[in-house]
Amino acid sequence: MNTSSTAPILSAPLATEAPLTVHDSGADSAPGVILIHSCTTLGTTLVVHLAGEIDHFSAAPLRAFLASAADNGHTGLVLDCSRVTFCDSGFLAALDWWPRQGRRLRLTHRSRAVERLLRAAALPAPAPGPPARCRPTPPRLGPTG
């Protein structure tokens, strides 16, 4: 199966239906839209080429799409992210449950936006207490000269 579309993500696999427009009237008057550039099935692996912006609001259709893929027996997911122009923690949240269910996930051709998000997500949590520059310097042991 191989389909291409510039319609919002939920309508991409169903070429016979009219395009579905997802709009949330939140603080942003022009919410991002995730598009599927192409979608291919290789056995139980789904290969998806994403395009557009993925934030807290626009990730809902991606979550629904992935839930549908899981319900249809897909156990592998390869996401080509080369055309993702913006993403935030909503993207990570949408993908978070996929590997926890014993499924495989791979992000390929990561755009600068995706790389930036993944680097930020990998940063270690700050140590509790005051910032390092405010901590007292431990005394030196040994001879002083």
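The analysis underlying the following values was restricted to heavy atoms, covering all of them including side chains, and did not include hydrogens, waters or symmetry mates. Residues take their numbers from the sequence shown, with the count starting at 1.
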Does [X] reach the side chain of [Y], with side-chain heavy atoms less than 4.5 Å apart?
{"X": "V47", "Y": "L77", "value": "no"}
{"X": "V114", "Y": "R112", "value": "no"}
{"X": "T75", "Y": "W98", "value": "no"}

How close do G90 and A59 get, counting heavy atoms only, and between which atoms?
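G90 and A59 have their closest heavy atoms at O-CB, 3.5 Å.
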Minimum heavy-atom distance C39-F65, with the two atoms named
SG-CZ, 4.0 Å
Rounded at 0.5 Å granularity, tell me how far [atom1] in [X] sits from [atom2] in [Y].
{"X": "R103", "Y": "L66", "atom1": "CZ", "atom2": "CG", "value": "9.5 Å"}
{"X": "R116", "Y": "L118", "atom1": "CZ", "atom2": "CG", "value": "11.0 Å"}
{"X": "R104", "Y": "H74", "atom1": "CZ", "atom2": "NE2", "value": "11.5 Å"}
{"X": "L46", "Y": "L105", "atom1": "CG", "atom2": "CG", "value": "11.5 Å"}
{"X": "F91", "Y": "L50", "atom1": "CZ", "atom2": "CG", "value": "6.0 Å"}

Exercise answer: donor-acceptor pairs, residues 78-87 side-chain atoms, under 3.5 Å, sequence neighbours excluded:
| from | atom 1 | to | atom 2 | distance (Å) |
| --- | --- | --- | --- | --- |
| D80 | OD1 | S82 | N | 2.9 |
| D80 | OD1 | S82 | OG | 2.7 |
| D80 | OD2 | H49 | ND1 | 3.2 |
| D80 | OD2 | H109 | ND1 | 3.1 |
| R83 | NH1 | H37 | NE2 | 2.8 |
| T85 | OG1 | G52 | O | 3.3 |

Where do L95 and L107 land on the side chain to side chain contact (heavy atoms under 4.5 Å, CB included) test, with the steps shown first?
CA-CA 10 Å; L95 299 178; L107 301 178; 4.0 Å; yes
Full working for side chain to side chain donor-acceptor pair (under 3.5 Å) between S58 and D55
CA-CA 5 Å; S58 67; D55 61 17; 3.1 Å; yes
